[in-house]
Amino acid sequence: MRKVFRFLSMLLAAIVLAAALGTLVPRPLWPAASTGEGTRHILVLKNPIHTDIAIPVNDTVRQRFHFLADAGLPADAPEVRYLVFGWGGRAFYLETPTWSQLKAVPVMKALTLDTSVMHVDVAGDIVEPHPDVAGFDIGEDRFAALLDFIAASFQQGPNGPVVIENAHYSSFDRFYEAKGHFNALVGCNTWTAAALRTAGMRTGWWNPLPVSLGLSTRLYN
């Protein structure tokens with residue numbers, strides 16, 4: 001029993017050390033050269049375990065993601081100000097719309113290995129400042145790179161991104177098949193961090209939780 005306790009203590013210490021280093025060691029190590037004025041304002045939205053990226057919409061963005069409207073998402077509605085994108089594990093995303101519906105199997109898949117999905121939502125005006133909202137200004141070229149990153153995260157079928165039928169929380173969101181696999185080390189927040197790095201920002205080396213990602217982006221941007 002003592003050996004088991006010692007092993008668990010060492011494992012916990014290793015996880016804490018990895019999380020601390022993952023937050024405090026920047027990625028990339030050195031700031032990228034400035035590429036122009038930040039004319040695009042993007043948002044990172046968080047809850048205790050998950051982050052999304054909110055992209056301000058205009059005609060170019062709507063055209064880039066035209067397949068959303070094709071699937072019935074009201075992305076073209078005039079009151080829509082943002083498209084909100086998130087990447088995550090299929091079982092947890094689809095089977096846990098609220099915390100009261102939390103089940104053991106989706107949690108186990110999230111901690112081990114699961115296929116992934118993209119979740120897309122629409123939003124009107126988002127209030128800033130807000131404890132759960134972080135805003136960043138990026139240049140046009142970085143904004144275009146971010147759109148490329150998000151678009152490349154969707155799994156493609158013969159007719160474009162593959163919508164998951166009858167999978168949504170409301171009339172204002174949709175789920176799509178995504179590229180990659182989800183686990184405890186490579187999850188929704190590491191996807192958000194990678195997207196932000198594509199947009200020219202610096203994150204921590206490994207950001208598995210929103211609190212880690214939020215701290216590292218405040219430190220290095």
Side-chain angles (χ1 to χ4, degrees), residues 40-102 106 110 114-136 138 143 146-156 160-180 182 187-196 198-199 209-210 213-214 217:
R40 297 283 189 169
H41 190 67
I42 64 171
L43 305 176
V44 175
L45 314 179
K46 71 171 184 176
N47 64 34
I49 64 169
H50 178 78
T51 51
D52 290 310
I53 296 180
I55 301 296
V57 297
N58 58 19
D59 289 342
T60 301
V61 171
R62 287 188 173 98
Q63 181 58 37
R64 180 68 183 272
F65 297 101
H66 64 87
F67 58 87
L68 301 175
D70 296 342
L73 194 67
D76 291 337
E79 62 270 24
V80 170
R81 298 290 181 265
Y82 292 92
L83 296 178
V84 183
F85 296 92
W87 181 93
R90 184 186 186 98
F92 198 92
Y93 241 149
L94 298 186
E95 297 179 36
T96 317
T98 65
W99 287 111
S100 64
Q101 295 170 281
L102 187 64
D114 195 7
T115 55
S116 61
V117 296
M118 288 291 293
H119 181 238
V120 189
D121 205 343
V122 296
D125 293 325
I126 297 176
V127 176
E128 295 181 82
H130 188 281
D132 296 332
V133 179
F136 304 96
I138 60 176
F143 185 72
L146 176 60
L147 297 185
D148 289 342
F149 178 92
I150 292 172
S153 298
F154 288 85
Q155 191 177 126
Q156 298 293 316
V162 182
V163 66
I164 302 173
E165 297 294 340
N166 301 315
H168 50 81
Y169 297 152
S170 71
S171 301
F172 305 103
D173 71 305
R174 292 292 182 275
F175 284 96
Y176 290 80
E177 302 288 359
K179 295 179 181 177
F182 182 99
C188 52
N189 302 303
T190 60
W191 178 88
T192 301
L196 294 177
T198 300
L209 294 172
L213 179 59
T217 52

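Here CG of Leu209 is found 9.0 Å from CD1 of Ile49. Values are rounded to the nearest 0.5 Å. Remark: Leu45 CG to Thr192 OG1 distance equals 9.5 Å, nearest 0.5 Å. Atom CD1 of Ile126 sits about 11.5 Å away from atom CG of Asp132, to the nearest 0.5 Å. To the nearest 0.5 Å, the span separating OG1 on Thr190 from CG on Leu213 amounts to 9.5 Å.
Heavy-atom contacts from other residues, nucleotides or ligands closer than 6.0 Å to CZ of Phe172 number 12 or fewer.
Proximity of Val122 to Leu68: side-chain heavy atoms (C-beta onward) are nowhere separated by under 4.5 Å. Side-chain atoms of Phe65 and Val120, non-hydrogen and from C-beta on, never get closer than 4.5 Å to each other. Inter-residue side-chain proximity for Arg64 and Asp148 is flagged as met; some heavy-atom pair is nearer than 4.5 Å.
Closest approach of Asn47 and His50 over heavy atoms only: OD1-N, 2.8 Å. When all heavy atoms of Ala195 and Ile53 are compared, the pair lying nearest together is CB-CD1, 3.4 Å. Of all the heavy atoms in Phe182 and Gly187, the pair that sits closest is CE1-CA, 3.4 Å. Nearest approach of Val61 to Pro56, heavy atoms of both residues: CG2-O, 3.7 Å. Across all non-hydrogen atoms, the minimal contact from Lys46 to Pro210 is CB-CB, 4.2 Å.
Proximity of a side-chain donor or acceptor of Arg62 to a complementary backbone N or O of Val57 within less than 3.5 Å is not detected. Using modelled atom types, one side-chain atom of Asn189 and one backbone atom of Thr51 make a donor-acceptor pair closer than 3.5 Å.
Screening Leu147, Asn58, Leu146 for a side-chain contact (heavy atoms from CB on, under 4.5 Å) with Arg40, the sole residue that qualifies is Asn58.
When the ring pair (Phe, Tyr, Trp, His ring centres under 6.0 Å) test is applied to Phe154, the partners found at least two apart in sequence or on another chain are Phe67, Tyr176.
Ring geometry for Phe175 versus Tyr93: interplanar angle over 60°, hence perpendicular rather than tilted (30 to 60°).
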For this session: For Leu43 and Glu128, run side-chain contact (heavy atoms from CB on, under 4.5 Å): C-alpha distance rounded to whole Å, both residues' side-chain angles, the deciding distance at 0.1 Å, then the answer.
Result: CA-CA 10 Å; Leu43 305 176; Glu128 295 181 82; 3.4 Å; yes

For this session: Would you check, one step at a time, whether the test side-chain contact (heavy atoms from CB on, under 4.5 Å) holds for Ile42 with Ile55?
Result: CA-CA 5 Å; Ile42 64 171; Ile55 301 296; 4.2 Å; yes

For this session: Check the pair Thr217, Phe136 against side-chain contact (heavy atoms from CB on, under 4.5 Å), reporting the backbone distance first and the verdict last.
Result: CA-CA 10 Å; Thr217 52; Phe136 304 96; 4.0 Å; yes

For this session: Start with the C-alpha distance between Ile164 and His119, add both sets of side-chain angles, then the distance that settles side-chain contact (heavy atoms from CB on, under 4.5 Å), and finish with yes or no.
Result: CA-CA 10 Å; Ile164 302 173; His119 181 238; over 6 Å; no

Less than 3.5 Å apart, which donor and acceptor atoms pair up between the side chains of residues 78-91 and the rest of the protein, not counting sequence neighbours?
unit_1	atom_1	unit_2	atom_2	d
Arg81	NH1	Pro78	O	2.6
Trp87	NE1	Ser116	OG	3.3
Trp87	NE1	Lys179	O	3.0
Arg90	NH1	Glu177	OE1	2.7
Arg90	NH1	Glu177	OE2	2.9

